[in-house]
There are 2 protein chains.
Amino acid sequence: MDAKTKLRMEARARVLKAMAHPSRLFIVEQLKQKERCVAELAQAVGADVSTVSKHLSLLKSVGIVDDRKQGTQVFYRLKAPCVLEFFGCVEKVLQTNLQEQIMLVK
Amino acid sequence: MDAKTKLRMEARARVLKAMAHPSRLFIVEQLKQKERCVAELAQAVGADVSTVSKHLSLLKSVGIVDDRKQGTQVFYRLKAPCVLEFFGCVEKVLQTNLQEQIMLVK
DNA sequence: TGCCTAATTGGCAATATAACCAAATAGCCA
DNA sequence: TGGCTATTTGGTTATATTGCCAATTAGGCA
């Protein structure tokens, strides 16, 4: 893997890594419909506000979400909705795995 | 996030996490065309065979790749080619980020 | 059987992530 | 200004990931 390719793969990995966490996946799904403020998301996820704030800033740093300040609140929204497309494939993989588990038992 | 949702998000995260590494992304791209044995991939990645073997077993454990033994060699192939679809979105995100960097300089 | 090659596994050290609490910051309004 | 709420940031601890080397396993063949 040459240096240029390595840089490209690292950049891609940063984006995917930002998605690859249960809470962050959940957050992305929550933002599918409409924007949400940090407190709302923290409540929905069931984690400390500070924890969720860090998840959000990570998602923002790689360009997956965007934010908008309104008074003391910060609303986050999906900036790259195409990440939602990942789920179809992921679900297909999980389904296939499940089918294979079932086959083994039968 | 209720228990059931949490489990689903964790399952999804496992699949995405398996993708979220520069070497593994490169491996997935290498397998796009045709199957490859471990030594070939190790050579292409530029890492120890043992390291690449572990990357491969991780990809396999989540159902992204599959393997086929032929003599003493093990050929890996893409089992869920739909993961290649991720790249289009990821590249779009990276492009957008880049455009924004450029705007800041101008 | 004994040797060779290919791959996997175990172990370890370095680094990265994650969660929480506490403290700091920022905007609003009395 | 002072206090209130929302959010971010710092710090710490626990856990997970990564990569290499060494050792093991497994198939092929003399």
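So that the names make sense, note that chain A is the first sequence line, chain B the second, and so on, each numbered from 1. Atom set for the values below is all heavy atoms of this structure, side chains included, hydrogens, waters and symmetry mates excluded. Values in this document were obtained by computation on a predicted structure and should not be read as measured data.
- Here the P atom of nucleotide dA7(C) and the CZ atom of Arg68(B) are 12 Å apart, to the nearest Å.
- Between the P atom of dA18(C) and the CZ atom of Phe26(A) lies a distance of 17 Å, rounded to the nearest Å.
- In terms of heavy-atom proximity, Ile64(A) sits nearest to Ala18(A) at CD1-CB, 4.2 Å.
- A distance of 8.0 Å separates NZ in Lys92(A) from OG1 in Thr96(A), rounded to the nearest 0.5 Å.
- In this structure, Glu10(B) places its CD atom 13 Å from C1' of dA18(C), rounding to the nearest Å.
- Rounded to a whole Å, the CD atom of Gln70(B) is 12 Å from the P atom of dC29(D).
- The closest donor-acceptor contact from the side chain of Arg24(A) to the backbone of Lys17(A) lies under 3.5 Å.
- Under the 4.5 Å side-chain heavy-atom criterion for ILVMFWY residues, no single connected hydrophobic cluster contains both Met1(A) and Leu7(A).
- Regarding Met19(A), its CE atom lies at a distance of 17 Å from the P atom of dT17(C), rounded to whole Å.
- Bending across the helix from dT1(C)-dA30(D) to dA30(C)-dT1(D), expressed as the angle between its end axes from five pairs apiece, amounts to 10° (10° rounding).
- To the nearest 0.5 angstrom, Leu78(B) atom CG is 14.0 Å from Lys34(B) atom NZ.
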What pairs of nitrogen or oxygen atoms, one from the protein and one from nucleotides 10-20 of chain D, lie under 3.5 Å apart?
{"from": "dG10(D)", "atom 1": "O6", "to": "Lys54(A)", "atom 2": "NZ", "distance (Å)": "3.0"}
{"from": "dG11(D)", "atom 1": "O6", "to": "Lys54(A)", "atom 2": "NZ", "distance (Å)": "2.7"}
{"from": "dT18(D)", "atom 1": "OP1", "to": "Arg24(B)", "atom 2": "NH2", "distance (Å)": "3.2"}
{"from": "dT18(D)", "atom 1": "OP2", "to": "Arg24(B)", "atom 2": "NH1", "distance (Å)": "3.2"}
{"from": "dT18(D)", "atom 1": "O3'", "to": "His21(B)", "atom 2": "NE2", "distance (Å)": "3.4"}
{"from": "dG19(D)", "atom 1": "OP1", "to": "His21(B)", "atom 2": "NE2", "distance (Å)": "3.3"}
{"from": "dG19(D)", "atom 1": "OP2", "to": "His55(B)", "atom 2": "NE2", "distance (Å)": "2.6"}
{"from": "dC20(D)", "atom 1": "OP2", "to": "Asp48(B)", "atom 2": "N", "distance (Å)": "3.3"}
{"from": "dC20(D)", "atom 1": "OP2", "to": "Thr51(B)", "atom 2": "OG1", "distance (Å)": "3.0"}
{"from": "dC20(D)", "atom 1": "N4", "to": "Lys54(B)", "atom 2": "NZ", "distance (Å)": "3.0"}

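- For the salt bridge (Lys or Arg N to Asp or Glu O under 4.0 Å) test, residues two or more places apart in sequence or in another chain that qualify with Lys79(A) are Glu100(B).
- Lys60(A) places its NZ atom 13 Å from the P atom of dT7(D), with the value rounded to the nearest Å.
- Between Lys6(A) and Glu10(A) a salt bridge is recorded (basic side-chain N to carboxylate O distance below 4.0 Å).
- Using a 4.0 Å cut-off between charged side-chain N and carboxylate O, Lys60(B) and Asp67(B) make a salt bridge.
- Rounded to an integer number of Å, the gap from CZ of Arg36(B) to P of dA6(C) is 17 Å.
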Write out a two-atom table: protein N or O, nucleotide N or O from nucleotides 2-6 of chain D, distance below 3.5 Å.
{"from": "dA6(D)", "atom 1": "O4'", "to": "Thr72(A)", "atom 2": "OG1", "distance (Å)": "3.2"}

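- Among the protein residues, Tyr76(A) comes within range of the sugar-phosphate backbone only, with heavy atoms under 4.0 Å from sugar or phosphate atoms but none that close to a base.
- Considering only residues two or more places apart in sequence or on other chains, Phe86(B) meets the ring pair (Phe, Tyr, Trp, His ring centres under 6.0 Å) condition with Phe86(A).
- Both tests pass for Arg12(B) against the ring of Phe87(A): distance under 6.0 Å to the centre and angle within 45° of the axis.
- For Glu85(B), the side-chain contact (heavy atoms from CB on, under 4.5 Å) partners are Cys82(B), not counting sequence neighbours.
- Straight-line distance from the CG atom of Leu56(B) to the C1' atom of dT9(C): 14 Å, rounded to whole Å.
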